[in-house]
Amino acid sequence: EFRRVLFRSHLDQGLLPLNQMSMEFHGKVAYHDYEGVALDLDERGRLVRDLGEKDAMILKHHGLLTTGRTVAEAFYYMYYLEQACRIQLASTQGGQKVSLPSPRVVQHTADQFTGFGASGTKGQRPWAALKRRLDRESPDYAT
């Protein structure tokens, strides 16, 4: 799992609009250059600067980072960003040229996603379902 995320985070082209999931992130992904093992506290300011107003960031040669108004929203972005990266990796491994939708369709799709969960509810339903599953399968997690 770690190896796959690391591999995706060093692709030069960044996240491509290859599928509906990745189109949600069109124009909404920040990038941060690798600076070595994250032991330098000064990097925090650069991470914040590079993230800006975005909720998703690809840490080059490292992995993914997401934020949100709630834990559920941050989880939602992480889950779907990871899925978009998986699809991109699988799509580009066959050696064939990938087909990209028109810029108009990509922007339209991104705009459609903007309306979902605008009130801070994005990811609430899957997050609640995951918590119920955790309560059922490992009820002692909170202790």
Side-chain angles (χ1 to χ4, degrees), residues 1-138 141-142:
E1 187 65 34
F2 170 76
R3 197 171 78 207
R4 288 188 208 146
V5 172
L6 182 63
F7 182 72
R8 281 190 300 276
S9 67
H10 72 264
L11 297 174
D12 285 338
Q13 71 267 33
L15 185 63
L16 298 174
L18 293 174
N19 59 76
Q20 182 171 292
M21 280 181 256
S22 62
M23 288 183 224
E24 177 173 9
F25 294 99
H26 173 69
K28 299 174 185 165
V29 175
Y31 295 87
H32 178 74
D33 289 327
Y34 185 68
E35 297 184 20
V37 178
L39 301 175
D40 180 3
L41 295 180
D42 292 341
E43 187 177 11
R44 290 181 298 186
R46 292 185 293 279
L47 285 163
V48 170
R49 177 199 67 212
D50 291 347
L51 183 62
E53 297 296 316
K54 298 178 178 173
D55 289 314
M57 184 158 57
I58 295 177
L59 304 162
K60 294 180 182 179
H61 306 283
H62 186 83
L64 307 175
L65 180 144
T66 60
T67 67
R69 291 170 283 188
T70 65
V71 172
E73 187 175 80
F75 173 81
Y76 171 91
Y77 288 133
M78 180 60 75
Y79 179 80
Y80 285 105
L81 181 59
E82 168 71 17
Q83 294 304 309
C85 290
R86 283 177 184 264
I87 291 169
Q88 180 169 326
L89 184 62
S91 299
T92 57
Q93 292 305 298
Q96 298 289 319
K97 183 176 187 266
V98 294
S99 173
L100 298 177
S102 73
R104 183 190 63 73
V105 168
V106 172
Q107 187 60 57
H108 174 69
T109 305
D111 292 344
Q112 287 178 310
F113 275 108
T114 300
F116 297 150
S119 63
T121 61
K122 189 174 278 193
Q124 291 298 325
R125 292 179 70 189
W127 182 251
L130 285 170
K131 287 191 333 185
R132 285 191 305 273
R133 181 178 177 184
L134 186 58
D135 287 340
R136 189 174 58 251
E137 294 177 6
S138 298
Y141 74 92

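Just so it is clear, the values below take in all heavy atoms, side chains as well, and ignore hydrogens, waters and symmetry mates. Bear in mind that the values here come from a model prediction, so they are computed numbers and not experimental data.
Scored by the side-chain hydrogen bond (donor to acceptor under 3.5 Å, both in side chains) test, Ser91 finds no partners at all (sequence neighbours excluded). For Asp33, the salt bridge (Lys or Arg N to Asp or Glu O under 4.0 Å) test picks out Lys60, with sequence neighbours left out.
Gln88 places no side-chain N or O within 3.5 Å of a backbone atom of Leu18 that could act as its donor or acceptor partner. With Thr66 contributing its side chain and Ala74 its backbone, the two residues share a donor-acceptor pair below 3.5 Å.
The neighbour count for Gln112 CD, taken as heavy atoms of other residues, nucleotides or ligands under 6.0 Å away, is above 12. Other residues, nucleotides and ligands contribute at most 12 non-hydrogen atoms within 6.0 Å of the CD atom of Gln96. More than 12 heavy atoms of other residues, nucleotides or ligands lie within 6.0 Å of CZ in Arg46, so this atom counts as buried by the packing criterion.
Taking CE of Met78 as the start and OG1 of Thr67 as the end, the distance is 9.5 Å to the nearest 0.5 Å. In this structure, His26 NE2 and Asp111 CG are separated by 8.5 Å, a value rounded to the nearest 0.5 Å. Put simply, CZ on Arg86 and CE on Met21 are 10.5 Å apart, with the number rounded to the nearest 0.5 Å. Between the CG atom of Asp42 and the CG atom of Leu47 there is a distance of 11.0 Å, given to the nearest 0.5 Å. Taking CD1 from Ile58 and NE2 from His32, the interatomic distance works out to 13.0 Å, rounded to the nearest 0.5 Å. Taking CD of Glu35 as the start and NE2 of His61 as the end, the distance is 12.5 Å to the nearest 0.5 Å.
Between Glu24 and the choices Tyr76, Tyr80, Tyr77, the side-chain hydrogen bond (donor to acceptor under 3.5 Å, both in side chains) rule is met once, by Tyr76.
Looking at heavy atoms from C-beta onward, Phe25 lies out of side-chain contact with Lys54 at the 4.5 angstrom threshold. No side-chain heavy atom of Lys28 sits less than 4.5 Å from a side-chain heavy atom of Asp55. Under the 4.5 Å side-chain criterion, counting only non-hydrogen atoms from C-beta, Tyr31 is in contact with Leu15. Taking the side chain as every heavy atom from C-beta outward, Arg44 and Leu41 approach each other to under 4.5 Å. Annotation: side chain of Ile87 is not in contact with side chain of Ser22 (no heavy-atom distance under 4.5 Å).
Between Trp127 and Phe75, the angle of the ring planes lies from 30° to 60°, which puts this pair in the tilted group.
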**Report entry** Check against side-chain contact (heavy atoms from CB on, under 4.5 Å), Leu100 and Val106
**Finding:** CA-CA 9 Å; Leu100 298 177; Val106 172; over 6 Å; no

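In this structure, Ala30 and Asp50 approach most closely via the heavy-atom pair CB-O, 3.1 Å. Nearest heavy atoms, Val105 versus Pro101: CG1-CB, 4.2 Å.
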